[in-house]
Amino acid sequence: MEIADGVYSMGNEKGGHVRAFLLDDDTDLTLIDTLFETDARLVLEQIGRTNRTVADLKHILLTHAHRSHLGGLAELKRLSGATVYSHEWEADIVAGERKAQASARQLLRPYPGYLEVYPLQIAFALGLDDHPPCPVDRLLEDGDRVGPVQVLHTPGHSPGHLAFYWQERRVLFAGDAVCTWPSFGAGWPALNLNLVQHRASLSRMAKLDAQAVGVGHGNPLTRGASARLHSLVETIGQPL
Ligand SMILES: [Zn+2]
Ligand SMILES: [Zn+2]
């Protein structure tokens, strides 16, 4: 699915309808997250459909180190040799040296569609969902540029959560700060670690005035995206 010129959304129902994004800037390919499945099949198929080869993939950017987004990473690194990037706080989880942290106190709080997410959250909280580990090659900070995108440090969902903005195409990649599955919201509540940071990150993203927003779980926002982000900021409560 092409959501803007040279921006392809990929994913199926696996990993909580997780999505990844392939960016073609007419020079190289840049990938944002790697989907759930360890064979990277969907990403490789999309590369083929854009008449590219896996050798054109130069940058693999990770929004954060949660299992659903890391499945294809090791295989894509092996096949492409692309540089792998994440925030410093997430890198040792990506490399398999530390477990991601769950926010257990929100685990039982219901929200629209939460029963569909619940099994994934339980597996996450128990640390049952390993991914094939892969070292991170380069650490990213707020304001960095990689390929066509600008890096935004957007903590809250996780401490080292990153969003990416392709300014010329006005497409924001919001990671798990925003979801549209199982319902539209500010990420899955039980996995957002710090709501004060999360709210500030959403507010910053809403001000970008993006035309399209790729989200971590569910289909991208392609209409009224900026207004919908603004509406989300108001839904984030005060700190628990
Ligand atoms: Zn996440
Ligand atoms: Zn996720």
Side-chain angles (χ1 to χ4, degrees), residues 9-21 31-38 40 42-43 60-73 85-96 98-107 109 111-132 134 136 140 152-164 172-195 197-199 201-202 205 213-221 232 236:
S9 169
M10 301 165 288
N12 55 22
E13 76 286 356
K14 295 275 178 60
H17 294 232
V18 71
R19 294 292 180 268
F21 301 91
L31 180 69
I32 297 176
D33 289 338
T34 68
L35 298 176
F36 183 84
E37 290 166 301
T38 56
L42 296 179
V43 175
I60 301 175
L61 305 175
L62 300 171
T63 57
H64 66 300
H66 283 164
R67 166 67 184 87
S68 290
H69 310 268
L70 301 175
L73 174 62
Y85 305 80
S86 82
H87 188 274
E88 179 180 24
W89 200 91
E90 313 281 328
D92 57 344
I93 307 172
V94 177
R98 179 165 64 92
K99 291 280 188 188
Q101 183 182 346
S103 177
R105 65 181 165 179
Q106 295 193 67
L107 203 55
R109 180 173 292 193
Y111 58 92
Y114 82 103
L115 284 176
E116 294 186 80
V117 178
Y118 206 60
L120 295 164
Q121 294 184 159
I122 292 289
F124 177 78
L126 296 175
L128 299 175
D129 50 353
D130 287 337
H131 63 279
C134 179
V136 171
L140 293 176
L152 294 95
H153 182 210
T154 50
H157 181 73
S158 68
H161 188 279
L162 299 176
F164 304 101
L172 171 68
F173 304 93
D176 277 5
V178 182
C179 63
T180 61
W181 184 91
S183 57
F184 175 61
W188 296 347
L191 295 183
N192 293 330
L193 284 178
N194 186 312
L195 295 184
Q197 290 182 341
H198 195 49
R199 183 183 170 102
S201 293
L202 279 170
M205 285 189 267
V213 178
V215 305
H217 300 269
N219 288 326
L221 300 172
L232 268 191
I236 304 268

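Numbering of ligands and ligand atoms starts at 1, following listing order. Please read all numbers here as calculations on a predicted model, not as lab measurements.
- Between Thr154 and the options His198, His161, Gln197, a side chain to side chain donor-acceptor pair (under 3.5 Å) holds for only His161.
- The NE2 atom of His87 lies 8.5 Å from the CG atom of Leu140; values are rounded to the nearest 0.5 Å.
- Looking only at its N/O/S atoms, Asp176 has OD2 as the one nearest to the Zn ion (ligand 1).
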* To do: Applying side chain to side chain contact (heavy atoms under 4.5 Å, CB included), run through Asp33 and Arg19 and close with a yes or a no.
  => CA-CA 8 Å; Asp33 289 338; Arg19 294 292 180 268; over 6 Å; no
* Could you walk me through whether Asn12 and Glu37 pass the side chain to side chain contact (heavy atoms under 4.5 Å, CB included) check? -> CA-CA 10 Å; Asn12 55 22; Glu37 290 166 301; 3.6 Å; yes
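- Looking at His66, its N, O or S atom nearest to the Zn ion (ligand 1) turns out to be ND1.
- Because the distance cut-off is set at 2.8 Å, His161 fails to qualify as a neighbour of the Zn ion (ligand 1), as none of its N, O or S atoms comes that close.
- Here Lys99 pairs with Asp130 in a salt bridge; the nearest charged N to carboxylate O distance falls below 4.0 Å.
- For the Zn ion (ligand 2), the nearest N, O or S atom contributed by His217 is named NE2.
- For His69, the N, O or S atom with the smallest separation from the Zn ion (ligand 2) is NE2.
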